Number of protein chains: 2
Amino acid sequence: MSEQNAARPAPKHQQVRDSLAAEIRRLEPHSALASERDLATTHGVSRATIRIALDALSDAGVVYRVQGAGTFAAGPAISKTLSLSSFTEDMEVRGWTASSRLLAADQVPAGGKIADDLGIAAEDEVIRVSRIRLADGTPICMETVHLAADGVPGLLDHDLSTSLYGILEAEYGLRVVRAEQVVRSVVMDVGEAALLGQPPGSAALRVHRIGLDQRDRPIESTTSMYRGDMYDLRFAVQR
Amino acid sequence: MSEQNAARPAPKHQQVRDSLAAEIRRLEPHSALASERDLATTHGVSRATIRIALDALSDAGVVYRVQGAGTFAAGPAISKTLSLSSFTEDMEVRGWTASSRLLAADQVPAGGKIADDLGIAAEDEVIRVSRIRLADGTPICMETVHLAADGVPGLLDHDLSTSLYGILEAEYGLRVVRAEQVVRSVVMDVGEAALLGQPPGSAALRVHRIGLDQRDRPIESTTSMYRGDMYDLRFAVQR
DNA sequence: AAGTGGTCTAGACCACAGA
DNA sequence: CTGTGGTCTAGACCACTTT
């Protein structure tokens, strides 16, 4: 009824979610929101739409619901549910500025493990990009990305110290919307530690990720090594 | 239509979800499901109910949806979204049998950090329970749980080598439905390593958890140390 | 053009919490 | 008892993909 000139208007449930999130930020923890029926009236939408918005806020740990009692502002959460985020976004949450230093970029045969991740043959070629990731100028992570060479012709000609996800989307229409991750604790060897400016024997989080597109097809196989003293994983889990 | 003699019949969307999950298990990855409208007809429910069921399956990574095209069985996932699970459940997924060995159980003043986690005063007393967790008889984790002593009178008289969550729910009506977790990579010191039968300097995942009830009130503050060589975190993330 | 998922409405009944 | 969230229905229109 209002404005539709934008490229694509956000769905109402998203607008309602954001509007509610702003209101909730001004509430004391554990204070009650208006009832779903009232919110439907005041926001001019149906109760079903309100529920979609509250579902999202509940998943994110912003509110909690008690049947028969109401919906309440959650306490100050130390974290949200884990979601797929870029390194840049990840650092922003922590209040740091992200940057990258390219270590190497080349094209090599995939080999068994990477081929398995990407659903290609071991002899097929992959683009391999290794970068140091920095937070406020301090090395915090070493990352190696593998991509099926067939899918990204000419990738090596781009500036790979910028956002790789950005290039993949803009140039090749590849969008990672889902990922499978495995996190382990490891002790860095001499070479790894040197790259991150740490003494050998230091602890690190090793994160292996397979990035998938909207159709569940593998796009990337990436291994990241995060300094254990500067990085942690924070997330909420639910029953 | 079928059986309703149970204490509480599961909601239709859950029944539909489980029924669909069983069907999908027999499908080839990437093959299409029937349309939402068809599923609504064949399952005898409205499309809205089907969508709730498919939302859950999509969140769990069992199916993926492509607007305008359809809903498809996902590829073999290495993991699901992280959810709140007990140590026993966690080990079962890995095909191991869980057991516990009680190290110590006592009552002490909370101290600043723990008090902060539990929302009590630093002088207030907490029950502290330390246990070794074993998988197939092998020590895999050392865990220390803190609970506000006021909330669990007589807890120390129970058999604490069994399920602590079970005791909390059965004896005190305390149910952890949500938790905030922080995961770090650390190197074990001599004492920690000895308890887990590892050489000093080995890598470990340190997981700090604050368990919350349905009303977002803290119930437990727990620190766990998992052997890095035997334990990893696997999970799917989404945009 | 036809079919799909994405969104949205305006109702309804139920189980539960709280006064 | 009243009000709440939890579930469910039977429609509708839109944006998108596929033929």
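Note that the coordinates shown come from a computational prediction; the quantities given were computed from them, not determined experimentally. A, B, ... follow the sequence lines: proteins, then strands. Residue 1 opens every chain.
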Check: [Y] main-chain N/O paired with [X] side-chain donor or acceptor under 3.5 Å:
{"X": "B:Gln15", "Y": "B:Ala10", "result": "yes"}
{"X": "B:Thr42", "Y": "B:Asp38", "result": "yes"}
{"X": "B:Tyr172", "Y": "B:Pro153", "result": "yes"}

How long is the line joining [atom1] of [X] and [atom2] of [N], in whole Å?
{"X": "A:Leu33", "N": "D:dG5", "atom1": "CG", "atom2": "P", "answer": "9 Å"}
{"X": "A:Arg215", "N": "C:dG5", "atom1": "CZ", "atom2": "P", "answer": "12 Å"}
{"X": "A:Tyr64", "N": "D:dG6", "atom1": "OH", "atom2": "P", "answer": "13 Å"}
{"X": "A:Glu36", "N": "D:dT7", "atom1": "CD", "atom2": "P", "answer": "11 Å"}
{"X": "B:Asp213", "N": "C:dA17", "atom1": "CG", "atom2": "P", "answer": "13 Å"}
{"X": "B:Gln214", "N": "D:dG5", "atom1": "CD", "atom2": "P", "answer": "13 Å"}
{"X": "A:Arg17", "N": "C:dC8", "atom1": "CZ", "atom2": "P", "answer": "12 Å"}
{"X": "A:Leu39", "N": "C:dA10", "atom1": "CG", "atom2": "P", "answer": "16 Å"}

Electrostatic pair [X]-[Y], nearest N-O below 4.0 angstrom:
{"X": "B:Arg94", "Y": "B:Asp90", "result": "yes"}
{"X": "A:Asp213", "Y": "A:Arg175", "result": "no"}
{"X": "A:Arg17", "Y": "A:Asp55", "result": "no"}

[N] phosphate, OP1 or OP2, under 4.0 Å from [X] side-chain N/O:
{"X": "B:Arg37", "N": "C:dG3", "answer": "no"}
{"X": "B:Arg65", "N": "C:dT4", "answer": "no"}
{"X": "A:Thr71", "N": "D:dG5", "answer": "yes"}

(request) Look at the side chain of B:Pro11 and decide which nucleotide, out of D:dT18, C:dG5, D:dT7, has an atom nearest to it. (result)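 Nucleotide nearest to B:Pro11's side chain: D:dT7.
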
(request) Go through C:dC8, D:dC8, C:dG5 for me and flag the one nearest to the A:Lys12 side chain. (result)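 Nearest to the side chain of A:Lys12 among the choices is C:dC8.
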
(request) Between A:Ser35 and B:Ala69, just flag the one whose closest nucleotide in DNA chain D comes earlier from the 5' side. (result)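 Result of the comparison: A:Ser35.
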
(message) Please list, in numerical order, the residues of residues 43-54 of chain A that have a heavy atom closer than 4.0 Å to any atom of DNA chain C.
(response)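 Only A:Gly44, A:Val45, A:Ser46, A:Arg47, A:Ala48, A:Thr49 qualify.
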
(message) Both A:Gly68 and A:His13 contact DNA chain C. Taking the nearest nucleotide for each, which residue is further toward the 5' end?
(response)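 Nearer the 5' end of the strand: A:His13.
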
(message) Within the 4.5 Å heavy-atom criterion, are A:Leu84 and A:Val177 side-chain neighbours or not?
(response)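 Answer no - side chains too far apart.
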
